[in-house]
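For ligands, and for the atoms within them, numbers begin at 1 and follow the listed sequence. FYI, the numbering just counts along the sequence from 1.
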Amino acid sequence: MLRLSPLHLHQPRDLAQAVALLAEHGPQARLIAGGTDVLPSLKLGQTQAGVLVSLRRVPELLGIDLQDGQLRIGAGTRLAEIATDADVLAHLPALAHAASRVASPQIRNMGTLGGNLCLDTRCRFINQSDLWREALGGCLKSHGSECHVVPGGQNCVAALSSDTAPVLIAYGATLELLGPQGTRELALVDLYGADGRHHVLLQPGEVLVAVRVPLPGPGTRVAYRKWAVRKSIDFPLVSVAVRLDVAAGRLTGGTLAAGALNPRPRVLDLAKWAGRAVDADLAAELGQFAFDRCRPLPNVPYDAEYRRERLAVEVRRAVLELGVIPS
Ligand SMILES: Cc1cc2nc3c(=O)[nH]c(=O)nc-3n(C[C@H](O)[C@H](O)[C@H](O)COP(=O)(O)OP(=O)(O)OC[C@H]3O[C@@H](n4cnc5c(N)ncnc54)[C@H](O)[C@@H]3O)c2cc1C
Ligand code: SF4
């Protein structure tokens, strides 16, 4: 059985207390929400913490509210609730779908939106036991000096495997953050950096409070597609969200956000296809575009070239799914 090293657990009753605890304990403190990512990582020695600050009893992080043309989702909202909430299903169906595809029912009942967006990166060389990693001599992210995916590389290129990040980027989500310096807003797309060791660009002591998503207009549709080996539990090996904005039967703009490639989603603008009908030809072209612009690395399981071809297929299928948009 894997055991946790001794640590201190704090259970603040409000957001201000949580922020104060993070400031008091500094770099040795980690936030824990559902714990479905951080606890296995601590047990496997993939991450370290002397202090855990739990968000489970912080009421300000809960709730899904329609306000001012936006849907505001508290960072502590469980994925199972997001997958079945009537407002999310009505206005952001691709988000409900993405949340319903995370892991298993047990994990969706514990795992939160905030934890899913701040998920650690994954790599087949580090998501292993301590012994396995030691035998390899570690790596940049794990007590070593070399990256085994990109030998000679200076950055860790482990993949962000969050199911909700690509789809929320496609919906144009922004984040409410609270830290020792006060509150600030950040576009979700700017949350992620290029180094898989520190890919979540929160400032020290900052907490993700809520995600705000503008309600899409009648001509906007988003589809999310994920490929994993076992549909019932696995992380995505290919994931993509496609957003198409359509007026009078023609494309006016769009976004493609691919996950499970690098520490941050690959975001591509589809503006150059403005004026085109959403049909099989467009689907094939956008699939080819994704193939040309995205290069999966051997950082997660499965052949990288297969994942590249699979990404093109998933983009094509996403566009065909959306092709029934009324003009
Ligand atoms: C077997 C298995 C399968 C899985 N499959 C998938 C999958 O298919 N797709 C997928 O996306 N994920 C998957 N996961 C990962 C994980 O379960 C989910 O991503 C889940 O949503 C994480 O949420 P959590 O609340 O449990 O996060 P936690 O484990 O509590 O936290 C994760 C990280 O986020 C930080 N954090 C949490 N909340 C906040 C906040 N409000 N502000 C700032 N930082 C915060 C924590 O400090 C930690 O670094 C899987 C996990 C397991 C064990
Ligand atoms: S990408 Fe490289 S540095 Fe990062 S976890 Fe994998 S092997 Fe380690």
Using distance alone, with no hydrogens and no angle criterion, decide if Thr164 and Asn116 have a side-chain donor and acceptor under 3.5 Å apart.
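Yes.
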Side chains of Glu285 and Trp273, donor plus acceptor under 3.5 Å
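Distance-only check passes for Glu285 and Trp273.
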Compute both the distance and the angle, then confirm whether Arg308 meets the cation-pi test with Phe291: under 6.0 Å from the six-membered ring centre, within 45 degrees of the axis.
yes
Answer yes or no on whether Arg122 is positioned over the face of Phe235, meaning its NZ or CZ is under 6.0 Å from the six-membered ring centre and within 45° of the axis.
yes
Here the gap from Asp281 atom CG to Arg276 atom CZ, rounded to the nearest 0.5 Å, amounts to 6.5 Å
Find the distance between CG (Asn127) and OG (Ser41) and round it off to the nearest 0.5 Å.
7.0 Å
Can you tell me if [X] has a non-hydrogen atom under 4.0 Å from ligand 1?
X: Arg108; answer: no
X: Asp120; answer: no
X: Leu202; answer: yes

Using a heavy-atom cut-off of under 4.0 Å, does the side chain or the backbone of Ser161 touch ligand 1, or both, or neither?
backbone
With heavy atoms only and a cut-off of under 4.0 Å, state how Arg56 meets ligand 1: side chain, backbone, both or neither.
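Answer for Arg56: neither.
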Proximity flag Ala158 to ligand 2, non-hydrogen atoms under 4.0 Å
yes
Sub-4.0 Å heavy-atom contact, Val157 with ligand 2:
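Yes, that is the case, since the closest heavy atom of the residue is under 4.0 Å from the ligand.
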Would you say the rings of His25 and His8 are close, in the sense that their centroids are separated by under 6.0 Å?
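Judged by ring-centre distance (under 6.0 Å), His8 and His25 do not meet the cut-off.
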Between Glu185 and Arg212, does a salt bridge (Lys or Arg N to Asp or Glu O under 4.0 Å) hold up when you go through it step by step?
CA-CA 10 Å; Glu185 276 184 27; Arg212 281 201 261 120; 2.7 Å; yes
Hydrophobic cluster membership, Val58 vs Leu208, 4.5 Å side-chain cutoff
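No, Val58 does not connect to Leu208 through the hydrophobic network.
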Can you tell which of [options] gets a heavy atom nearest to [atom]?
atom: atom 3 (C) of ligand 1; options: Ile233, Thr36, Leu175, Val207; result: Ile233
atom: atom 10 (C) of ligand 1; options: Leu178, Asn116, Leu22, Leu55; result: Asn116
atom: atom 8 (Fe) of ligand 2; options: Cys156, Cys147, Cys139; result: Cys139
atom: atom 31 (O) of ligand 1; options: Gly111, Ala99, Gly115, Ala29; result: Gly115

Nearest non-hydrogen protein atom, [atom]:
atom: atom 3 (S) of ligand 2; value: Leu140 CB, 3.5 Å
atom: atom 28 (P) of ligand 1; value: Gly35 N, 3.5 Å
atom: atom 7 (S) of ligand 2; value: His148 N, 3.5 Å
atom: atom 9 (N) of ligand 1; value: Asp163 OD2, 2.7 Å
atom: atom 49 (O) of ligand 1; value: Arg30 NH2, 2.8 Å
atom: atom 46 (C) of ligand 1; value: Leu31 O, 3.2 Å
atom: atom 50 (C) of ligand 1; value: Phe235 CZ, 3.2 Å
atom: atom 36 (N) of ligand 1; value: Cys118 CB, 4.0 Å

Could you list which atoms of ligand 1 come closer than 4.0 Å to a heavy atom of [X]?
X: Leu79; answer: 21 (O)
X: Asp234; answer: 8 (O)
X: Ala33; answer: 25 (O), 30 (O), 37 (C), 38 (N)
X: Lys226; answer: 7 (C), 8 (O)
X: Ser162; answer: 11 (O)

Just checking: Cys123, one of its N/O/S atoms, less than 2.8 Å away from atom 6 (Fe) of ligand 2, yes or no?
yes
Mind checking whether [X] has an N or O less than 3.5 Å away from an N or O of ligand 1?
X: Ile107; answer: no
X: Gly34; answer: yes
X: Val102; answer: no
X: Leu208; answer: yes
X: Val38; answer: yes
X: Pro40; answer: no

Side-chain donor/acceptor of Arg30 to backbone N/O of Val38, under 3.5 Å:
no
Between Arg184 and Glu176, is there a side-chain N and carboxylate O pair less than 4.0 Å apart?
no
Taking 4.0 angstrom as the limit, do Glu321 and Arg317 come out as a salt bridge?
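So Glu321 does not pair with Arg317 through a salt bridge.
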Just let me know how Ile126 lines up against ligand 2, side chain, backbone, both or neither, with a heavy-atom cut-off below 4.0 Å.
side chain
Over 12 non-hydrogen atoms of neighbours within 6.0 angstrom of CG in Leu131
no
Closest non-hydrogen atom pair between Arg78 and Asn109, with its separation:
CD-O, 3.2 Å
What verdict does the salt bridge (Lys or Arg N to Asp or Glu O under 4.0 Å) test give for Lys141 and Asp120, after you've listed the backbone C-alpha separation in whole Å, the side-chain angles of each residue and the deciding distance to 0.1 Å?
CA-CA 11 Å; Lys141 197 179 175 191; Asp120 198 1; 3.1 Å; yes
